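Step one of this worksheet: look at the structure below.
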Amino acid sequence: MIGSTADDRIEISRAAGARNAEMKRGADRFEIEPRDLMAIERELDARRDGSQVVGFFHSHPDAPARPSVTDLEMARGLFDVTRAFYVYAIARVSAGGFEEISYWRLAEELGGFVELNAAASAG
């Protein structure tokens, strides 16, 4: 997710896709392809409009739109490298399609997530 941050507000302006680098368990695990993320970061640097990667999204097929233990491990690992508190959007999908989405941020003590309030606006 690409956007900007100001004060305690995070604005998501668009999403950019990335391939799943997880080869063994790609059906139920994800790992963002590093080259895709690097290309997105380069594009944002070239734009020089203040846009940045503010978070990541993924789906939970036939499962709640809540962070899993695996999501927590991945978020902690990313925090260890970046020291950034990203937004994590999780969509619940089923055979019928999209069902719900929730937004989370790694808690400051890194022991779990806190759910974020989300407000949508047309723009």
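Fair warning: this is a prediction, and the values are worked out from it, not measured in the lab.
The minimum heavy-atom distance linking W104 with A65 is given by the pair NE1-O, 3.5 Å. When all heavy atoms are compared, the tightest approach of E31 to N20 is N-OD1, 3.0 Å. The minimum heavy-atom distance linking I40 with A16 is given by the pair CD1-CB, 3.7 Å. Minimum heavy-atom separation, R14 to L44: NH2-CD2, 3.9 Å. Between L72 and G111 the shortest heavy-atom distance is CD2-O, 3.9 Å. Minimum interatomic distance between D71 and R66 (heavy atoms only, all atoms of both residues): OD2-O, 4.2 Å.
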| Intermediate values then yes/no, side chain to side chain donor-acceptor pair (under 3.5 Å), S4 and E11 | CA-CA 5 Å; S4 59; E11 185 173 312; 5.0 Å; no

| request: Take R47 and D49, measure what salt bridge (Lys or Arg N to Asp or Glu O under 4.0 Å) needs, and give me the verdict at the end. | output: CA-CA 5 Å; R47 291 177 75 168; D49 65 359; 3.5 Å; yes

| field | Pair I2-V54, side-chain contact (heavy atoms from CB on, under 4.5 Å): steps then yes or no | value | CA-CA 6 Å; I2 297 167; V54 295; over 6 Å; no

| query | Which is it for Y86 and F56 under the ring pair (Phe, Tyr, Trp, His ring centres under 6.0 Å) test, yes or no, and what are the steps along the way? | reply | CA-CA 7 Å; Y86 290 106; F56 305 94; 5.0 Å; yes

| task | In sequence, state the C-alpha distance, the side-chain angles, and the governing distance for I10 and R105, and then conclude on side-chain contact (heavy atoms from CB on, under 4.5 Å). | result | CA-CA 11 Å; I10 301 162; R105 181 177 258 176; 2.9 Å; yes

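Between I90 and S59, the closest side-chain pair of non-hydrogen atoms is not below 4.5 Å. Side-chain atoms of R92 and D62, non-hydrogen and from C-beta on, never get closer than 4.5 Å to each other.
Side-chain atoms of R76 come within 3.5 Å of backbone N or O of L110 as a donor-acceptor pair.
Residues F85 and F79 place their aromatic rings such that the two centres sit under 6.0 Å apart.
The line from CD of E41 to OG of S51 is 11.0 Å long, rounded to the nearest 0.5 Å. Taking CD from E22 and OG1 from T70, the interatomic distance works out to 10.0 Å, rounded to the nearest 0.5 Å. With values rounded to the nearest 0.5 angstrom, S102 atom OG is found 10.0 Å from F113 atom CZ. Here S13 contributes atom OG and Q52 contributes atom CD; the two are 10.0 Å apart, rounded to the nearest 0.5 Å. Annotation: the span from H60 atom NE2 to E99 atom CD amounts to 13.5 Å, rounded to 0.5 Å.
Neither I32 nor F57 shares a network with the other; the hydrophobic side chains, linked directly or stepwise wherever heavy atoms of I, L, V, M, F, W or Y lie under 4.5 Å apart, form separate groups for each.
Considering only residues two or more places apart in sequence or on other chains, R35 meets the side chain to side chain donor-acceptor pair (under 3.5 Å) condition with E33. The side-chain contact (heavy atoms from CB on, under 4.5 Å) check on I101 picks up A89, A91, F98, Y103, with sequence neighbours excluded. Applying the salt bridge (charged side-chain N to carboxylate O under 4.0 Å, His left out) criterion to D8, with sequence neighbours excluded, gives no partner residue.
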